[in-house]
Colleague: 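Once you've had a glance at the structure underneath, I'll fire off some questions.
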Amino acid sequence: KSRWSNAVGMAFTLCSTAGQKQQDVDKFQHGAVRLTSMMFCAALNDLERTKHRKQMINNEGMDLESLRFLDQAPDRVEVVMRWLQSLMWAAHRDGTLDEQAPPMVMSELNAGLQDFVHLRTILETPIPYPYAHLLTVLMWAHCLITVASAPYVFLHDAMAFAATFMSVFTYAGAYYLAHSIERPFGRGVNDLPWDDYAKEMNQS
């Protein structure tokens, strides 16, 4: 979010200040804001892996055919990135953007795209099955051994029950909590607040 927002802010700062270019500057800024919002929301949808679409700034000024193509594209983030890059270079060629703008803006946009790719790699790379299976077996072995040995270790039944419950509950809780933390991308109670991120991006 910060890299893409910073890239657009940098492009706005380096826009032409000439009076005859004001209309072109306004058109460029409106397009850049909408494309950035669309790209960020597409990234959130991709990470969340649900059909729930994030609220984005309206797509006013975009042709219907392009929107249909985007809806069918397998990687919407990279498609919108190419559109945004084309918009930047077109603004650079007609003098709407300063000559120094494209390299700096493109660098920030690409850095944000790399961050997104890293997040998607984490999402698509599962824990190796032998490791996950070993953890499950060890947890169940701990539960069974604790329940079987507690009556021989403690003199009172209440103490044996309390010790067994606390030990098993703690390890099982940590096990399932690790599962939840490992995959924070979704719409569960413990997942990241994607809708809030989209609103913050649009407001910024």
Colleague: Would you say Phe154 and Thr164 make side-chain contact, with heavy atoms under 4.5 Å?
Modeller: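 A side-chain contact is absent here, since even the closest heavy-atom pair is not under 4.5 Å.
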Colleague: Of the non-hydrogen atoms in Arg3 and Asp115, which two are nearest, and what is the gap between them?
Modeller: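 In terms of heavy atoms, the two residues are closest at NE-OD2, 2.9 Å.
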Colleague: Give me the atom names and distance for the closest heavy-atom approach of Leu113 to Trp4.
Modeller: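 In this case the closest contact between Leu113 and Trp4 is N-NE1, 3.6 Å.
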Colleague: Measure from the side-chain N and O atoms of Thr121 to the backbone N and O of Val117, and report whether any donor-acceptor pair falls under 3.5 Å.
Modeller: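 Looks like yes, one N/O pair under 3.5 Å.
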Colleague: Could you please spell out the steps behind the side-chain contact (heavy atoms from CB on, under 4.5 Å) verdict for Leu87 and Trp83?
Modeller: CA-CA 6 Å; Leu87 179 66; Trp83 290 351; over 6 Å; no
Colleague: Do the side chains of Val80 and Phe69 join up, straight or via other hydrophobic residues, at under 4.5 Å, putting them in one cluster?
Modeller: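 Per the 4.5 Å side-chain linkage, Val80 and Phe69 are co-clustered.
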Colleague: Under 3.5 Å, is there a donor on one side chain and an acceptor on the other for Asp26 and Gln22?
Modeller: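 Side chains of Asp26 and Gln22: pair found under 3.5 Å.
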Colleague: With a sphere of 6.0 Å drawn around OH of Tyr171, does it hold more than 12 non-hydrogen atoms of other residues, nucleotides or ligands?
Modeller: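 Result for OH/Tyr171: open.
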Colleague: Let me confirm one number: the CG-CZ distance from Asn45 to Phe40, rounded to the nearest 0.5 Å.
Modeller: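 The CZ atom of Phe40 is 10.5 Å from CG of Asn45, to the nearest 0.5 Å.
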Colleague: Of the non-hydrogen atoms in Thr170 and Met166, which two are nearest, and what is the gap between them?
Modeller: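 Smallest interatomic distance, heavy atoms only, reads OG1-O, 2.6 Å.
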Colleague: Donor-acceptor pair, distance only, cut-off 3.5 Å: does the side chain of Thr36 make one with the backbone of Ala32?
Modeller: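 Checking the backbone N and O of Ala32 against the side chain of Thr36, a donor-acceptor pair under 3.5 Å is found.
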Colleague: Answer whether the closest heavy-atom distance between the side chains of Asn110 and Gln85 falls below 4.5 Å.
Modeller: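 A side-chain contact under 4.5 Å exists here.
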Colleague: Go through the steps to decide whether Asp75 and Glu78 satisfy the test side-chain contact (heavy atoms from CB on, under 4.5 Å), and finish with yes or no.
Modeller: CA-CA 6 Å; Asp75 196 336; Glu78 293 189 4; 3.4 Å; yes
Colleague: State yes or no: do Met88 and Val25 share one hydrophobic cluster built from I, L, V, M, F, W and Y residues joined by side-chain heavy-atom distances below 4.5 Å, directly or via other members?
Modeller: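 Not linked; separate clusters.
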Colleague: Donor-acceptor check, side chain of Arg120 to backbone of Phe116, threshold 3.5 angstrom: yes or no?
Modeller: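 Answer holds: no.
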Colleague: What do the steps show when you test Tyr176 against Met139 for side-chain contact (heavy atoms from CB on, under 4.5 Å), and what is the final call?
Modeller: CA-CA 11 Å; Tyr176 289 107; Met139 188 192 71; 4.3 Å; yes
Colleague: Can you confirm whether more than 12 heavy atoms, excluding those of Trp89, are under 6.0 Å from its CH2 atom?
Modeller: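 Correct, the count exceeds 12.
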Colleague: Could you work out, with side chain to side chain donor-acceptor pair (under 3.5 Å) as the rule, every residue matching Tyr175, not counting sequence neighbours?
Modeller: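 Tyr175: side chain to side chain donor-acceptor pair (under 3.5 Å) contacts with Thr136, His179.
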Colleague: Between Arg76 and Ala42, what is the shortest heavy-atom contact and its length?
Modeller: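 So the two residues come closest at CB-CB, 4.0 Å.
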Colleague: Compare every heavy atom of Val168 with every heavy atom of Cys143, then report the nearest pair and how far apart it is.
Modeller: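 Nearest pair, atom of Cys143 first, then Val168: SG-CG1, 3.5 Å.
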Colleague: Rounded to the nearest 0.5 Å, how far apart are CE of Met106 and NE2 of His92?
Modeller: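 If we round to the nearest 0.5 Å, Met106:CE and His92:NE2 are 9.5 Å apart.
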Colleague: Give me the atom names and distance for the closest heavy-atom approach of Pro151 to Ala148.
Modeller: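 Minimum heavy-atom contact is CD-O, 3.6 Å.
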Colleague: CE/Met39 to CZ/Arg34 distance, rounded to the nearest 0.5 angstrom?
Modeller: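 It is 15.5 Å, given to the nearest 0.5 Å.
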